[in-house]
Amino acid sequence: MSVNETAKFDTRALQQRDSAHYLHPFTDTQALAAKGARIITRGEGVYVWDSEGHKILDGMSGLWCVNVGYGRKELVEAATRQMSELPFYNSFFNTAVLPAIELAELLTEVTPPQFKHFFFTNSGSEGNDTILRMVRRYWDIMGQPQKKTFIARHNAYHGSTVCAASLGGMDYMHEQGDLPIPGIAHIEQPYQFMHGQGMTAEAFGLKAAGWLEEKILEIGAEKVAAFIGEPVQGAGGVIIPPPGYWTEIQRICDKYDVLLVADEVITGFGRLGTWFGCEYLGFKPDLMTFAKGVTSGYIPLGGVAVGDRVAKALIERGGDFNHGFTYSGHPVACAVALANIRLMRREGIVERVANEAAPYLRSRFLELADHPLVGQAETCGMMAGMVLVRDKATLANFDPAHAVGMICRGHCFDNGVIMRAVGDRMIIAPPLVITRTETDTMIGLIRRSLDQTLNDVVRLGLRG
Ligand SMILES: *Cc1c(COP(=O)(O)O)cnc(C)c1O
């Protein structure tokens with residue numbers, strides 16, 4: 001970026017205006033005001049630029065969503081065209097808009113075959129709220145109104161509305177606002193590094209899925225409506241389930257007549273090298289939540305893919321379903337989603353992830369496991385995570401109070417790569433279109449950041 005371009009922004013003034021009036025999500029406003037926000041001004045491909053002119057490789061695809069990369073003219077043009085044609089009309093009172101009709105139709109082609117019906121929301125959170133209401137409605141229609149309880153997992157992320165945060169398993173969210181709401185139970189996550197050291201992955205997979213069966217029996221199967229999980233947990237730190245976990249979950253749900261819900265907000269639309277994560281992991285959900293990648297984040301859109309079993313009951317026996325949002329099926333959002341999915345098909349992005357991008361990311365990312373700070377590194381599709389440890393031999397953790405992950409994240413930012421810290425788990429989920437050369441650049445920057453973090457840790461005496 002040229003000096004002229006940089007000089008367009010007065011960063012200090014922007015930071016002051018930012019903290020004067022703008023309350024950020026998931027942010028300590030006072031701490032942010034002291035530090036000043038990094039202001040992102042532009043994006044192209046896998047890179048973003050900040051107001052100081054730094055070019056940063058976006059290893060997190062914005063927030064797990066900019067799957068086709070920044071600066072895609074097709075998406076911009078689709079939005080512009082639809083804005084001029086019809087910026088808004090609702091779908092409430094026997095009306096419909098063209099892009100929503102077309103999108104629902106196109107989604108039947110890219111989702112697994114049990115999905116032929118789609119409900120639109122503005123976000124993943126609203127998608128999960130919709131699922132809770134829809135599933136309870138389903139069991140009412142089926143004459144089992146007592147089947148209301150959802151089982152979810154600790155350290156899951158399902159969004160931040162009251163219902164979605166309750167389904168999620170984040171204690172720090174539950175603590176604020178008396179959550180979870182009644183009717184939601186949690187089981188432990190399938191995180192082998194934490195809960196299954198010394199076991200084979202297969203044995204741990206069966207054990208972790210078994211926690212669902214125990215919980216169903218504890219509550220009583222006649223009261224359990226559904227199990228919800230992210231195929232691969234994202235915000236919890238890229239927790240990759242052991243092989244066999246999801247097929248065993250499926251078997252247990254079938255056995256007790258519990259609906260299976262896949263929250264595909266991150267894993268949908270190609271991230272694992274299949275259109276949806278459940279295809280990669282080999283299970284067949286009754287409902288799926290989607291958002292993020294459906295528009296590559298260019299405009300808000302979320303929704304629910306409703307499988308035949310639930311759709312049939314709702315449609316043939318349900319009458320009115322008293323739920324929806326002003327912007328359900330928003331024409332501009334749907335038009336952008338259509339352009340995004342068509343672009344992904346035309347460029348064969350999902351196939352490229354499966355055959356090229358994900359295997360290459362894997363080979364390069366796993367090299368980082370040789371670093372003295374890294375206790376474990378793993379990938380699944382275009383999601384990757386590593387644990388920073390105090391002692392590589394014993395895999396002993398750092399004291400969480402030392403926030404070593406945040407030190408590492410800071411170095412990453414300064415070196416020009418965005419990597420997220422979840423405690424001491426460092427994670428990435430780069431745009432699906434990242435090239436080999438860009439992957440090489442990213443891994444190089446991560447390694448340099450790990451070296452600098454190691455220096456800090458040694459200097460501060462944190463290695464014990
Ligand atoms: C981001 C996310 C959500 C919430 O989506 P919003 O659009 O932020 O409401 C739900 N589930 C998963 C798995 C997510 O990653």
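Just follow the structure's listing: the first ligand is 1, and inside any ligand the first atom is 1. Note that the structure is predicted; figures quoted are calculated from it, not measured. For the single chain, residues carry numbers from 1 onward in sequence order. These values consider heavy atoms only, across backbone and side chains, with no hydrogens, waters or symmetry-generated copies.
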Which of K116, R345, R342 passes salt bridge (charged side-chain N to carboxylate O under 4.0 Å, His left out) with E109? Answer is R345

So between E264, H158, K292, whose heavy atom ends up nearest atom 15 (O) of ligand 1?
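Comparing heavy atoms across E264, H158, K292, the nearest one to atom 15 (O) of ligand 1 lies in K292.
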
For ligand 1, find out whether one of its N or O atoms is nearer than 3.5 Å to an N or O atom of [X].
X: G124; value: yes
X: D263; value: yes
X: E230; value: no
X: E126; value: no

[atom2] on [Y] to [atom1] on [X], rounded to 0.5 Å:
X: L281; Y: I240; atom1: CG; atom2: CD1; result: 10.0 Å
X: R153; Y: L167; atom1: CZ; atom2: CG; result: 12.0 Å
X: F150; Y: I181; atom1: CZ; atom2: CD1; result: 9.5 Å

Would you call the rings of W246 and F283 parallel, tilted or perpendicular if under 30° counts as parallel and over 60° as perpendicular?
parallel

Give me the ring orientation class for H330 and F88: parallel if the planes are under 30° apart, tilted from 30 to 60°, perpendicular past 60°.
tilted

In ligand 1, which numbered atoms sit nearer than 4.0 Å to a non-hydrogen atom of I266?
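Once the distances to I266 are compared, the set is 15 (O).
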
Which residue owns the protein heavy atom closest to atom 9 (O) of ligand 1, what's the atom, and how far is it?
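Sorting protein heavy atoms by distance from atom 9 (O) of ligand 1 puts S125 OG, 2.5 Å first.
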
Please work out whether any backbone atom (N, CA, C, O) or any side-chain heavy atom from C-beta onward of Y157 is under 4.0 Å from ligand 1, and answer side chain, backbone, both or neither.
both

